[in-house]
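Single-structure report; data block below.
Since the structure is predicted, the reported quantities are computational estimates derived from the model, not experimental observations. Counting from 1, the numbers follow the sequence of the chain as shown.
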Amino acid sequence: MTDERPITTLMRMIGGFRVSQAIHVAAVLGIADLIKDGPRSSEELAQATSTDPDGLYRLLRALASVGVFHETAGRTFGLTPLSECLLSDAREPGSGWALLIGQEYFWNTWGNLLTGVKTGKNIFPQLYGTDVWTYRSERPELNEIFNAAMTSQSRSVSGLLLAAYDFSQFSNVVDVGGNRGALLADILAANPTVRGVVFDQPHVASDEDLRTAGVADRCKVVVGSFFESVPEGGDAYILKSIIHDWPDQESAEILRVCRKSMGTGSRLLVIDRVIGDPNMGPATKFLDLNMLALPGGRERTEDEFRQLFDASGFRLTRVVPLGSDEASVVEGVPA
């Protein structure tokens, strides 16, 4: 138990936006990579990043006060376990998400959260006149930042997934909405007998991470829309961070399209967060607000997933948690 006064705790929460924006700036500047080989002074880092020495020092000392960096004598800064996650080659990276959340459109949409709460509707189209997917697809630089964030997210969860779920039982895994293939690359690397398919839209799909992992020879990339069709022949169909992006009607439509391509023995693996008990699981419940703000979807309880599966031609067989307040594998089979 902490002896911190309630008002102190509340004020720290109120000021949380300052921490996220400071981490975003450090990620943009690539500070973690610059001190990967050892601590450096803020003066040296300012030269390397073309920033003001005093301004950069004030940023880094603030982040050091919350454990993101470690400050020693001479205004020198080194890595901590938190900032190691900001390294470009981190095994469990957070830099992609840090770069994403500081983008003006992301920041502005969250700044209008009251609009979403009042209307109950997706905030982004009310501000920008289009959905967030179209907005990013028309702005390649923003789309690249989003794709990098999704790759970071996949890498951060893949270790948990491989420890909790056995993929060696499958011969062909189809990753629906698989982006650059980061998650599937880790699955194939850990299971040498498994083959795979990365399926996503033309401006997203890539074999970049498959080639980096040395598994491209066991995987192909197919482009298309999961509202129209998905590749046939898989005995496992992964949808990671896909269903939560959409309201129930669209989510059911995506699942029905998957059902048409699946055999009777195929398995559906929805990898999303599952809303738990009252007063618990803040990460999941705040991510649900992000769904209200940007893509327009929602996080769901186990019962809500079961209803969605039932409406889409599936039977929910089990939920495999990947950790406390982490994503889960919501497993289903054709009904």
Side-chain angles (χ1 to χ4, degrees), residues 100-101 105-106 108-138 142-143 146-147 149-150 153 175-179 199-201 203-204 224-230 237-262 268-276 278 281-316 319 327-332 334-335:
L100 175 64
I101 62 94
Y105 77 91
F106 202 107
N108 185 44
T109 305
W110 261 93
N112 285 272
L113 181 61
L114 180 61
T115 299
V117 173
K118 281 187 171 183
T119 64
K121 297 179 180 178
N122 184 197
I123 300 168
F124 191 89
Q126 299 182 68
L127 299 178
Y128 292 94
T130 187
D131 63 87
V132 71
W133 309 107
T134 301
Y135 183 87
R136 281 193 292 244
S137 70
E138 295 171 347
L142 296 183
N143 198 57
F146 175 76
N147 289 339
M150 294 303 99
Q153 188 187 58
D175 191 353
V176 178
N179 202 265
F199 177 78
D200 215 318
Q201 297 181 80
H203 67 281
V204 176
S225 168
F226 48 50
F227 285 110
E228 297 171 2
S229 66
V230 301
Y237 284 76
I238 295 175
L239 292 95
K240 181 195 168 294
S241 302
I242 301 297
I243 296 302
H244 77 160
D245 284 335
W246 302 93
D248 287 346
Q249 182 175 340
E250 287 84 353
S251 293
E253 185 179 345
I254 294 168
L255 293 182
R256 289 190 195 106
V257 169
C258 291
R259 175 66 184 86
K260 291 177 182 177
S261 294
M262 294 172 65
L268 175 73
L269 307 175
V270 172
I271 303 173
D272 270 329
R273 291 177 178 269
V274 177
I275 294 177
T284 297
K285 291 169 182 175
F286 276 93
L287 186 58
D288 179 56
L289 287 181
N290 193 63
M291 298 302 108
L292 174 64
L294 285 132
R298 63 190 307 125
E299 305 303 328
R300 294 174 171 89
T301 65
E302 182 175 339
D303 282 344
E304 288 169 336
F305 271 115
R306 182 171 286 104
Q307 293 169 21
L308 182 63
F309 278 32
D310 289 345
S312 310
F314 290 96
R315 176 173 59 86
L316 194 154
V319 174
S328 295
V329 180
V330 185
E331 182 190 74

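Judged by distance alone, the side chain of Ser328 and the main-chain N or O of Val330 form no donor-acceptor pair under 3.5 Å. A donor-acceptor contact shorter than 3.5 Å is absent between the side chain of Asn112 and the backbone of Thr115.
Annotation for Arg298: atom CZ does not count as buried by contact number, only 12 or fewer foreign heavy atoms lying within 6.0 Å.
The side-chain heavy atoms of Phe309 and Leu268, taken from C-beta on, include a pair separated by under 4.5 Å. Residues Ile254 and Ile243 form a side-chain contact, since some pair of their non-hydrogen atoms from C-beta on lies under 4.5 Å apart. Pro295 places none of its side-chain heavy atoms less than 4.5 Å from the side chain of Trp246. Counting heavy atoms from C-beta on, the side chains of Leu287 and Arg273 come closer than 4.5 Å. Using a 4.5 Å heavy-atom threshold, the side chains of Leu127 and Tyr105 count as separate. Val319 is not listed as a side-chain neighbour of Glu331, based on a closest heavy-atom distance of 4.5 Å or more.
In summary, the aromatic rings of Trp110 and Phe286 are positioned with their centroids too far apart to meet the 6.0 Å limit. In this structure, the ring of Phe124 has its center less than 6.0 angstrom from the ring center of Tyr135.
Distance OG/Ser229 to CZ/Phe199: 5.0 Å, rounded to 0.5 Å. Interatomic distance, Glu299 CD to Asp272 CG, rounded to the nearest 0.5 Å: 6.0 Å. Between the CE atom in Met291 and the CG atom in Asn122 there is a gap of 10.0 Å [rounded to 0.5 Å]. Expressed to the nearest 0.5 Å, how far CD1 of Ile242 lies from CD1 of Ile271 amounts to 10.0 Å. One finds the CG atom of Leu114 at 5.0 Å from the NZ atom of Lys118 (value rounded to the nearest 0.5 Å). Going from atom CG of Leu292 over to atom CD1 of Ile123 covers 4.5 Å, rounded to the nearest 0.5 Å.
Counting all heavy atoms, side chain and backbone alike, Leu308 lies closest to Leu255 at CG-CD1, 3.9 Å. The heavy-atom pair separating Val230 from Cys258 by the smallest distance is CG2-CA, 3.9 Å. In terms of heavy atoms, Asn179 sits closest to Met150 at ND2-CB, 4.1 Å. Between Glu302 and Leu316, the closest heavy-atom pair is O-CD1, 4.2 Å. Contact record, Thr301 with Val274: C-CG1, 4.0 Å, taken as the closest heavy-atom pair. For the pair Arg259 and Ser312, the tightest heavy-atom approach, listed with the atom from each and the gap, is CB-O, 4.0 Å.
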Starting from the C-alpha separation in whole Å, work towards a yes-or-no answer on side-chain contact (heavy atoms from CB on, under 4.5 Å) for Gln201 and Phe226.
CA-CA 8 Å; Gln201 297 181 80; Phe226 48 50; over 6 Å; no
Let me see the working for Phe106 and Asn290 under side-chain contact (heavy atoms from CB on, under 4.5 Å), right down to the final yes or no.
CA-CA 10 Å; Phe106 202 107; Asn290 193 63; 3.3 Å; yes
Can you list the steps and then say if Glu228 with Val257 is a side-chain contact (heavy atoms from CB on, under 4.5 Å)?
CA-CA 7 Å; Glu228 297 171 2; Val257 169; over 6 Å; no
Determine, stepwise, if the pair Tyr237 / Leu269 fulfils side-chain contact (heavy atoms from CB on, under 4.5 Å).
CA-CA 6 Å; Tyr237 284 76; Leu269 307 175; over 6 Å; no
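Between Arg300 and Asp248, at least one side-chain nitrogen of the basic residue sits less than 4.0 Å from a carboxylate oxygen of the acidic one, meeting the salt-bridge criterion. Comment: Lys285 does not engage Asp288 in a salt bridge, judged by the lack of any side-chain N to carboxylate O separation of less than 4.0 angstrom.
Using modelled atom types and a 3.5 Å distance limit, the side chains of Gln153 and Ser241 yield a donor-acceptor pair. One side chain, Tyr128 or Asn108, offers a donor N or O that lies under 3.5 Å from an acceptor on the other.
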